[in-house]
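Worksheet for the structure shown next.
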Amino acid sequence: MSLYDAWKNYIEENCKTQEEQNEFWEKYCADEKVLYQKILGEKITIIEGKVEDLVKESNMVPPQYMGFLDGISDSLMAPIDLEMIELDSEIKLEIDFAKLYKNMLAVPAEWLYSLEEWDNFFTEDERIELEKEYKRSKTVINEVKVGRNDPCPCGSGKKYKKCCGL
């Protein structure tokens, strides 16, 4: 079984009831926060090594560390194949911190994007600008609005109000 599958099973095994689910995520988020405090506090821009060794350094169990890798994977300079990662795999993760900050805003992972250790990478003004960029990227602007009596864009030939505009 791959580590990624072990991570998914780990979640299922520990989240049978709502109470277990809340406890699981509370503990996971606390462990993840400690790991990010170390990364940001020590200005670690590249994480590399054997997964087994990185797991030991993080004080997590292997499936939990895989959860961390799953979470950070969208914030890397080069993509990684999560399905192929095993304990004996050698990995090199080069972190794009602007992307990471925006991804934390998207989750929203307030316990992570509000860490004071971010000051090692961005000033308060830069963080505000990253937040604005993130919010602008989520704004949807509809160029052309279909009127009630216009032909339906699906091509049925009916008026929009009688077709898809129900």
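Residue indices begin at 1 and follow the sequence shown. Only a predicted model underlies this, so the values are computations on that prediction, with no experimental measurement involved.
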Could you state the interatomic distance from [atom1] ([X]) to [atom2] ([Y]), rounded to the nearest 0.5 Å?
| X | Y | atom1 | atom2 | result |
| --- | --- | --- | --- | --- |
| Phe24 | Lys16 | CZ | NZ | 11.5 Å |
| Cys163 | Asp150 | SG | CG | 13.0 Å |
| Leu130 | Met104 | CG | CE | 12.0 Å |
| Glu131 | Glu126 | CD | CD | 13.5 Å |
| Ser114 | Lys33 | OG | NZ | 6.5 Å |

Minimum heavy-atom separation for [X] to [Y], with atom names?
| X | Y | result |
| --- | --- | --- |
| Gly147 | Tyr160 | O-CB, 3.6 Å |
| Cys29 | Trp111 | SG-CZ2, 3.3 Å |
| Cys15 | Gln21 | SG-CA, 3.8 Å |
| Val61 | Val55 | C-CG1, 3.9 Å |
| Lys50 | Asp88 | CE-CA, 3.7 Å |

Does Gln18 have any side chain to side chain donor-acceptor pair (under 3.5 Å) partners at least two apart in sequence or in another chain, and if so, which?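 Gln18: side chain to side chain donor-acceptor pair (under 3.5 Å) contacts with Asn22.
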Test log, rule side-chain contact (heavy atoms from CB on, under 4.5 Å), inputs Asn59 and Asp31: CA-CA 8 Å; Asn59 294 322; Asp31 292 343; over 6 Å; no
Just by distance, do the side chain of Glu20 and the backbone of Thr17 share a donor-acceptor pair under 3.5 Å?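 The answer is yes, because a donor-acceptor pair under 3.5 Å joins these two groups.
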Given 3.5 Å as the limit, does a donor-acceptor pair link the side chain of Asn120 with the main chain of Leu40, or not? yes
Is it the case that one hydrophobic cluster holds both [X] and [Y], taking links as side-chain heavy atoms less than 4.5 Å apart, direct or via other members?
| X | Y | result |
| --- | --- | --- |
| Leu76 | Val107 | no |
| Leu82 | Met77 | no |
| Ile44 | Tyr36 | yes |
| Phe97 | Ile128 | no |
| Met84 | Ile47 | no |

Name the orientation class of the two ring planes belonging to Trp25 and Tyr28 (parallel below 30°, tilted from 30 to 60°, perpendicular beyond 60°). perpendicular
Any side-chain heavy-atom pair from [X] and [Y] closer than 4.5 angstrom?
| X | Y | answer |
| --- | --- | --- |
| Asp74 | Leu100 | no |
| Gln64 | Glu32 | no |
| Leu35 | Met60 | yes |
| Glu86 | Glu52 | no |
| Glu94 | Thr45 | no |
| Ser73 | Pro79 | no |
| Tyr65 | Ile85 | no |
| Glu48 | Leu93 | no |

For the residue pair Tyr134 and Tyr101, is the inter-centroid distance of their aromatic rings smaller than 6.0 Å?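 Between Tyr134 and Tyr101, the centre distance exceeds or equals 6.0 Å.
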Show me the pairs that pass salt bridge (charged side-chain N to carboxylate O under 4.0 Å, His left out) and involve residues 99-117, at least two apart or across chains. Lys102-Glu133
Can you tell me if NZ on Lys161 sees more than 12 non-hydrogen neighbours from other groups inside 6.0 Å?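 Yes - once you tally the heavy atoms of other residues, nucleotides and ligands closer than 6.0 Å, there are more than 12.
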Ignoring hydrogens and angles, state whether a donor on the side chain of Asp96 or Ser75 is under 3.5 Å from an acceptor on the partner side chain. no
Under a 4.0 Å threshold between the charged nitrogen and the carboxylate oxygen, would Arg127 count as salt-bridged to Asp119? yes
Donor-acceptor contacts, no H, no angles, side chain residues 3-12, under 3.5 Å, sequence neighbours left out:
unit_1, atom_1, unit_2, atom_2, d
Asp5, OD2, Ser2, OG, 3.3

